[in-house]
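Just so you know, these numbers come straight off a predicted model, no measurement behind them. In each ligand, atom 1 is the first atom listed, and ligand 1 is the first ligand listed.
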Amino acid sequence: MMEATARAYTNIALIKYWGKRDEQLFLPMNSSLSITLDQFYTTTSVQFCTCLSADIFILNGQLASEQETVKISRFMSLLRDLSGKKLYAVIDSTNKVPTAAGFASSASGYAALAAAGTKALGMDSDDQTLSKIARQGSGSACRSIYGGYVEWQKGDKEDGTDSYAHQILEAQDWNLSILSVLLVPEPKEVLSREGMKRTVETSPFYAGWLDTVEVDLNTAKSALQQRDFEMLGNVLEGNALKMHATTLGANPPFMYWTSATLDVMQQVKELRATGIQAYFTIDAGPNVKVLCQPKDEQIVQEKLKDIPAVQDVYLCHPGPGITYLPQ
Ligand SMILES: O=C(O)C[C@@](O)(CF)CCOP(=O)(O)OP(=O)(O)O
């Protein structure tokens with residue numbers, strides 16, 4: 001039987017992937033940097049069978065929608081092309097990812113699928129190859145192949161063979177606290193794929209993003225090497241603010257933040273004013289992730305939970321890369 005099960009953990013970008021230079025190959029305009037988290041993951045099993053004439057996708061215990069199945073099947077065809085095996089599979093995926101908290105389960109989902117699918121096909125791919133495959137499901141998924149602190153180098157080649165992620169620090173090399181703040185349910189957002197496309201194509205501020213993101217990345221990498229939390233915090237917070245600034249200049253303009261987002265941002269600033277080093281980052285939604293040092297995580301969590309608009313706060317630390325589970 002050609003089957004395998006893999007688990008991949010979601011990641012939070014400190015230096016954002018924001019904009020593609022190639023929509024088909026998921027090639028980014030800029031390099032990015034993330035932390036893989038230890039709490040939220042996707043477990044995916046893939047079972048190929050000559051008895052199938054189409055892929056079957058089970059998501060969180062239920063048959064997935066037609067739209068989701070088409071998306072996954074398109075990714076599975078990439079694996080069929082790469083392996084030269086025209087086989088279909090049952091894909092059974094379970095997310096332990098609170099998607100409502102603004103975690104992209106697509107990152108852990110496509111990383112787990114790339115790992116389980118290639119293993120079931122006997123492709124025995126190394127991590128760099130897995131990263132390039134996962135990238136073609138969702139860009140940020142290429143970072144979840146690895147644990148700890150991960151850089152996705154944007155690459156320059158048109159075929160994307162040099163656009164993949166690699167680990168910078170192991171999870172245990174630097175223990176930080178990442179608090180994910182779940183806010184009150186918010187209106188439908190512009191999904192990150194549409195958001196970055198519209199911004200690249202129409203925002204006059206996008207050029208400013210590109211002019212400064214490489215410097216931000218190098219500053220963040222220096223901070224990692226020096227374990228300088230203040231340097232890391234300042235650059236990640238500034239980078240998130242710049243990413244969001246680009247959306248305000250898009251046509252039509254859009255903004256991911258709600259008043260609850262601003263309440264959390266304000267609380268983080270007040271924490272810093274009392275001498276507690278805490279910094280925020282925000283992705284394609286209103287939810288906020290706050291980074292601090294483990295010694296401060298309790299007080300930071302309490303302060304965040306005191307904000308009326310905050311529904312819950314999830315505490316994470318750097319987590320592992322791909323793991324394979326017994327059948
Ligand atoms: O994670 C980051 O670096 C920053 C973001 O989360 C900011 F919102 C974007 C993630 O984009 P993704 O969902 O990977 O897009 P896809 O390639 O169109 O699937």
Inset, instruction - Using the test side chain to side chain donor-acceptor pair (under 3.5 Å), find all partners of Glu23 that sit at least two apart in sequence or belong to another chain. - result: none
Inset, instruction - Check the pair Lys16, Asp216 against salt bridge (charged side-chain N to carboxylate O under 4.0 Å, His left out), reporting the backbone distance first and the verdict last. - result: CA-CA 10 Å; Lys16 305 295 184 187; Asp216 288 352; over 6 Å; no
Inset, instruction - Name all residues meeting the ring pair (Phe, Tyr, Trp, His ring centres under 6.0 Å) criterion together with Phe26; count only those two or more places apart in sequence or in a different chain, and write none if there are none. - result: none
Inset, instruction - Specify whether Tyr256 and Trp18 have parallel, tilted or perpendicular ring planes, treating 30° as the upper limit for parallel and 60° as the lower limit for perpendicular. - result: perpendicular
Legend entry - Amino acids contacting ligand 1, non-hydrogen cut-off under 4.0 Å: Ala13, Lys16, Tyr17, Trp18, Lys20, Phe26, Ser138, Gly139, Ser140, Arg143, Ser192, Arg193, Met196, Met243, Asp283, Ala284
Legend entry - Cation-pi geometry met for Lys119 and Tyr324 (6.0 Å, 45°): yes
Inset, instruction - Sequence neighbours left out, what passes ring pair (Phe, Tyr, Trp, His ring centres under 6.0 Å) with Tyr88? Give chain and number order. - result: none
